[in-house]
Amino acid sequence: MSDFRSGSDVELFEPYDPQAIEPKWQQYWRDQGTYEVDNDDPRPRYYVLCMYPYPSGAAHMGHVRNYTFGDLLTRYRTMSGDAVLSPMGFDSFGLPAENAAIKTGRHPRAFTDERIEQLRSSITRIGGVYDWRREVKSHDPSYMRWTQWIFLQFFENGLAYRKAAPVNWDPIDQTVLANEQVLADGTAERSGAVVEKRDLEQWYFRITDYAQQLLDDLDQVDWPERVVTQQRNWIGRSEGAEFRMGVVTAEGQPVLSAEGSTPLEFSVFTTRPDTAFGMTFCVLAPEHPLVSQIVSEPLRDKVEAFVTLARSTSEIDRLSTDRPLADRGCFTGAFATNPFTGDAVPIYLADYVLATYGTGAVMAVPGEDQRDWDFAGIFDLPIVHTVQRPEGWQGEAFSGDGPHINSPSSELLPPAGDLDLNGLNTVDAKNAAMDWLEASGCGERKVNFRLRDWLLSRQRFWGCPIPIVYCDACGIVPVPLDQLPVLAPDDVEFTPTGQSPLLSHEGFLHTTCPQCGAPARRETDTMDTFVDSSWYYLRFTDPWSEDVPFRQDQLAQWMPVDQYIGGAEHAVLHLMYARFFTKALSDLQVLPADLREPFQRLFTQGMIRLDGAKMSKSKGNLVAPEEIIDTLGADALRLSHLAVKPPEEDVDWEDVGLEGCHRFLMRLWRLAVPGSDLTADLRTGEAQSVDAAIERATHVLIDGISADFDRWSYNVAVAKFMAFLNELYRYVQAPEQAHGPTLQASVDTLLKLLAPACPHMTAELWAARHVEQGDQVLPDAEPAHVHTTAWPVANPELLLQESVTLVVQINGKVRDRIEVAPDADEAACLAAALESDKVRQQLQGAEPHRVIARPPKLVNLLV
RNA sequence: GCCCGGGUGGCGGAAUGGCAGACGCGGCGGAUUCAAAAUCCGCUGUCCUUACGGGCGUGUGGGUUCAAGUCCCACCCCGGGCACCA
């Protein structure tokens with residue numbers, strides 16, 4: 001603790017001791033229930049939510065940053081008169097606890113509960129205030145019950161289903177993953193393992209039913225453009241046409257199905273139906289179900305070898321573009337009829353055609369698609385141009401717009417006799433081609449999405465069990481609602497193999513069928529933890545309900561979340577899933593019909609970089625928040641996070657200016673604490689013009705801070721606090737002395753404005769100034785606790801300065817600055833400008849031929 | 001390749017089209033001290049000038065405007081996301 005009194009002086013005032021005051025106020029807010037809010041609160045409602053954390057033990061700097069923003073908003077809105085719902089909970093299922101159990105043999109629940117305890121205490125030490133009565137935990141049976149209930153609602157309504165498909169398998173975490181959890185390079189987002197493809201039967205949520213709504217409703221939320229764009233990309237809507245092509249032999253004879261009755265055909269999806277006259281071959285995915293039926297006998301061995309190879313190639317290799325194209329495709333010996341031309345075109349297989357997108361088959365138009373062009377070059381296939389190249393075109397395939405040609409070509413007498421795209425541009429040709437497809441019955445307009453259904457099963461123990469029973473007689477049977485929650489047993493052993501102990505737990509595995517009573521088998525998979533986090537924000541509105549997951553009237557009161565705060569890394573994971581849950585539950589009439597989006601405003605804060613090149617080893621251990629709280633205190637830590645950068649930007653830890661913030665707090669303490677040397681000798685009596693200037697500056701500050709808080713310009717707000725305190729220091733140290741009432745009112749206002757950012761120190765100083773000196777009760781009878789005072793409102797009359805600086809420019813260059821009255825008009829400003837010595841010197845007697853005046857701030861003279 | 005951000009002092013950054021560099025860090029100087037730390041006060045874009053002053057300056061090149069860090073066009077660089085999606 002530094003000491004700003006000279007050694008021999010007696011102690012005048014209490015030193016700033018964050019270690020003493022911070023725990024005291026944290027206890028006070030908890031005891032008083034200052035930030036508990038009831039559902040019948042008459043004040044206007046505001047729901048602020050930080051993404052609930054995975055309990056990883058003590059808080060790290062990312063938590064500090066996140067919760068500082070959220071907590072500031074909670075306290076600011078509360079002082080502004082709102083009933084603020086600010087809940088906190090824990091996303092407490094997940095692999096770290098299970099991996100720890102595999103290592104130590106300890107049950108994941110014990111591990112998790114311990115970590116929750118640590119994190120809760122850590123969050124409290126940061127100064128975060130929450131309505132802890134509403135705390136929810138994913139692994140709490142009273143929460144799991146409703147997670148399972150929602151699953152069953154989805155199951156009953158066809159939104160949860162089981163299917164066999166090639167899925168992403170993570171060999172390290174030993175579980176399947178959703179597409180969203182696999183990175184573009186084919187590695188797992190969590191474990192970093194190279195993901196394998198396996199054919200498994202798994203549970204899915206039908207999120208694709210909502211693809212269009214998930215896309216459309218992005219217009220209704222107030223979210224960062226970046227996140228909206230990422231969601232749009234992920235949903236990946238594309239418009240085009242789907243049409244059927246009949247399979248024929250090399251001789252042009254239709255190929256019949258195995259039963260011999262129906263001719264084989266398949267569908268292709270294309271976004272460029274206008275170029276269909278240029279199709280010279282088509283390509284199926286190796287996994288396409290028709291492959292084995294259409295392959296010509298001489299090529300069967302070769303094709304089967306190719307399919308086997310493609311299926312066993314890892315995703316990472318299959319997506320790699322540097323493998324030679326010749327190895328990636330294979331001719332089937334079969335042909336298909338292009339309905340536009342009547343021509344038979346060869347059918348190829350290629351591993352880059354994805355079985356899971358569109359129809360798993362594409363038409364290939366090398367003239368207008370570069371990948372098809374490359375493929376045609378390798379396999380020596382013809383190329384037809386269907387769009388006129390622009391003058392001087394040097395490239396290969398041309399995907400731009402232009403008049404269509406060869407559509408049909410002049411020598412061809414097409415089956416599409418009445419279809420002529422020649423001369424049309426792309427848009428018109430597309431429409432004409434699609435009209436023709438629909439009229440002729442060959443195909444139709446079609447919209448495809450990149451978004452796939454959400455694979456939710458996980459082969460893990462520490463997650464919410466899927467409440468399903470398999471019965472030989474009845475099939476897939478949901479566990480009856482009155483038997484929820486299905487809980488995993490406690491007497492489990494975690495083996496080093498990593499396999500879920502549920503698979504080998506006889507007591508859990510064997511049950512009876514709820515429908516027929518026969519012996520049956522339980523589902524051993526648990527749910528993706530993103531299921532838990534897809535609805536927790538709903539439960540916060542009414543976490544006490546025993547008979548329902550939440551109540552419609554409470555939801556209507558609080559939802560949607562007014563301000564959601566979290567990391568941008570959840571742009572397409574959690575945020576997409578939660579939006580889907582809200583829409584689906586609303587359609588199932590579990591949520592209010594008009595609740596279609598869960599999070600009205602989203603703020604994504606930047607990340608803290610600790611390990612960048614800039615971070616030296618010796619500083620590496622400076623980043624534990626608790627160590628900083630132990631020394632400088634939580635208020636300095638919070639303030640430094642606010643000050644360092646705009647909140648949405650990433651932060652290098654070394655840029656966080658703790659010293660400056662700590663110095664500021666020490667200076668404030670010294671000025672505001674009762675008995676300060678700085679305020680020992682204050683002037684009384686009438687206020688003078690210097691005092692009026694301080695009063696005006698105070699109101700300018702009120703105005704500025706309120707605006708900065710509203711627009712999340714926290715770094716600018718901190719700068720204003722510091723500048724204002726500097727001004728007060730100059731004021732109290734000036735020879736003519738500061739005016740007592742003016743100074744104290746300004747300091748009080750400063751304490752209020754700073755209270756959301758630095759809650760402990762402001763509470764302590766406020767109490768010291770207004771409570772502990774019992775004989776000095778505030779004139780306007782303010783509450784004794786700064787956080788329950790009303791947010792100050794600036795007096796508009798005091799926002800006008802006594803004089804303003806008039807900038808005088810000559811030919812756009814600043815030549816002088818003159819103080820003028822704030823209400824000076826154009827004539828007065830011009831007169832003042834022309835009187836200036838500097839201006840006269842510059843003008844040298846010349847007359848300005850034009851004057852631009854923006855009274856009272858600027859005059860520009862043109863000569 | 002496509003889509004988002006972003007390039008301002010030694011550093012982090014500020015600036016409804018109207019004084020570029022607020023505020024902080026760092027640096028320099030002064031006060032205080034036996035001394036140091038802490039504290040308090042001041043200076044701190046750059047070049048020319050003893051000074052008074054003045055020139056130049058927000059990634060590059062153009063443009064609009066009385067006036068551009070801010071708006072428009074073209075380009076360069078950095079960060080992030082997406083990417084064989086037919």
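In what follows, chains are A, B, ... by sequence order, proteins preceding strands, each numbered from 1. All values derive from a computational prediction rather than experimental measurement.
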Q: Taking a pair as Watson-Crick or G-U wobble with both distances under 3.5 Å, which nucleotide is matched to G29(B)?
A: C41(B)
Q: Strictly by Watson-Crick or wobble contacts shorter than 3.5 Å, is anything paired with C71(B), and which nucleotide is it?
A: G63(B)
Q: More than 12 non-hydrogen atoms from neighbouring residues, nucleotides or ligands closer than 6.0 Å to NZ on K720(A), yes or no?
A: yes
Q: Taking the same atom, C1', in C56(B) and in G69(B), what whole-Å distance lies between them?
A: 16 Å
Q: What is the nucleic acid contact for K813(A), judged by heavy atoms within less than 4.0 Å: base, sugar-phosphate only, or nothing?
A: sugar-phosphate
Q: In whole angstrom, give me the gap between the P atoms of G27(B) and C11(B).
A: 15 Å
Q: Closest to the Q733(A) side chain: C40(B), A86(B), G26(B)?
A: C40(B)
Q: Figure out the CG/P separation between D655(A) and C11(B), and round it to whole Å.
A: 11 Å
Q: Are the side chains of F379(A) and F281(A) in touch, meaning some heavy atoms are under 4.5 Å apart?
A: no
Q: With heavy atoms under 4.0 Å as the rule, sort L862(A) into base, sugar-phosphate or nothing.
A: sugar-phosphate
Q: Does the side chain of P647(A) reach to within under 4.5 Å of the side chain of H641(A), using non-hydrogen atoms?
A: no
Q: Would you call the rings of H570(A) and H574(A) parallel, tilted or perpendicular, taking 30° and 60° as the class edges?
A: perpendicular
Q: Check whether any side-chain nitrogen or oxygen of R452(A) sits under 4.0 Å from OP1 or OP2 of C85(B), and answer yes or no.
A: no
Q: Check the distance between A67(B)'s P and N811(A)'s CG and give it to me in whole angstrom.
A: 9 Å
Q: Please check the phosphate of G24(B) (OP1 and OP2 only) for any side-chain N or O of N726(A) closer than 4.0 Å.
A: yes
Q: Side chains of E180(A) and W234(A): do they bring a donor and an acceptor to under 3.5 Å?
A: yes
Q: Is any side-chain heavy atom of E444(A) closer than 4.5 Å to one of R244(A)?
A: yes
Q: Starting from P on C19(B), measure out to CD1 on I818(A) and report it in whole angstrom.
A: 16 Å
Q: Report the nucleotide, chosen from G54(B), G13(B), G24(B), that has the shortest atom-to-atom distance to any side-chain atom of M722(A).
A: G24(B)
Q: Give one of base, sugar-phosphate or nothing for R232(A), where a contact means two heavy atoms less than 4.0 Å apart.
A: nothing
Q: Applying a 4.0 Å non-hydrogen cut-off, can you work out what R226(A) is touching in the nucleic acid: base, sugar-phosphate, or nothing?
A: sugar-phosphate
Q: Can you tell me how far P in C28(B) sits from the matching atom in U46(B), rounded to whole Å?
A: 15 Å
Q: Closer to the 5' end of RNA chain B via nearest nucleotide, is it G358(A) or Y729(A)?
A: Y729(A)
Q: Does C41(B) have its OP1 or OP2 closer than 4.0 Å to a side-chain nitrogen or oxygen of R667(A)?
A: yes
Q: Using the P atom in both, what is the distance from U60(B) to C77(B), to the nearest Å?
A: 15 Å
Q: Within the structure shown, what part of the strands sits under 4.0 Å from R711(A) by heavy-atom distance: base, sugar-phosphate, or nothing?
A: sugar-phosphate
Q: If the C1' atom of C23(B) is compared with that of A15(B), how far apart are they to the nearest Å?
A: 12 Å
Q: C19(B) base to R817(A) side chain: any donor-acceptor pair below 3.5 Å?
A: yes
Q: Could you work out which one of A15(B), A83(B), C19(B) sits closest to the side chain of T805(A)?
A: C19(B)
Q: OP1 or OP2 of A14(B) less than 4.0 angstrom from a side-chain nitrogen or oxygen of N715(A), does that happen here?
A: yes
Q: Taking only side-chain N and O atoms of T229(A), does any of them lie within less than 4.0 angstrom of OP1 or OP2 on C82(B)?
A: no
Q: How long is the line joining CG of L858(A) and C1' of A67(B), in whole Å?
A: 8 Å
Q: Measure from the side chain of F269(A), starting at C-beta and using heavy atoms only, and say which of C19(B), G18(B), A86(B) lies closest.
A: A86(B)
Q: Could one point to a donor on the side chain of N860(A) or the base of C66(B) with an acceptor on the other under 3.5 Å away?
A: yes
Q: Counting only Watson-Crick pairs (N1-N3 plus N6-O4 or O6-N4) and G-U wobbles (N1-O2, O6-N3), all under 3.5 Å, who is the partner of A15(B)?
A: none
Q: Check every strand shown and say whether K645(A) touches a base, only sugar-phosphate, or nothing at a heavy-atom separation below 4.0 Å.
A: sugar-phosphate
Q: Taking the side chain as every heavy atom from C-beta outward, state whether F340(A) and C442(A) have any pair of such atoms under 4.5 Å apart.
A: no
Q: Quick one, T208(A) and F449(A) - any side-chain contact, counting heavy atoms below 4.5 Å?
A: no
Q: Ignoring hydrogens and angles, answer whether the base of G18(B) and the side-chain atoms of R854(A) contain a donor-acceptor pair closer than 3.5 Å.
A: yes
Q: Using a heavy-atom cut-off of under 4.0 Å over every strand shown, decide if Q809(A) touches base, sugar-phosphate, or nothing.
A: base
Q: Looking only at atom C1', what distance separates A20(B) and G45(B), rounded to whole Å?
A: 10 Å
Q: Judged by each residue's nearest nucleotide on RNA chain B, which is more toward the 5′ side, V807(A) or R450(A)?
A: V807(A)
Q: Is there a Watson-Crick or G-U wobble partner for G79(B) with both distances under 3.5 Å, and if so, which one is it?
A: C4(B)
Q: Using a heavy-atom cut-off of under 4.0 Å over every strand shown, decide if A723(A) touches base, sugar-phosphate, or nothing.
A: sugar-phosphate
Q: Side chain of Q230(A) only, heavy atoms from C-beta on: which candidate in C85(B), G12(B), G81(B) is closest?
A: G81(B)
Q: Any base atoms under 4.0 Å from F721(A), or only sugar-phosphate, or nothing? Heavy atoms, all strands.
A: nothing
Q: If A35(B) has a Watson-Crick or G-U wobble mate with both distances under 3.5 Å, name it; if not, just say none.
A: none
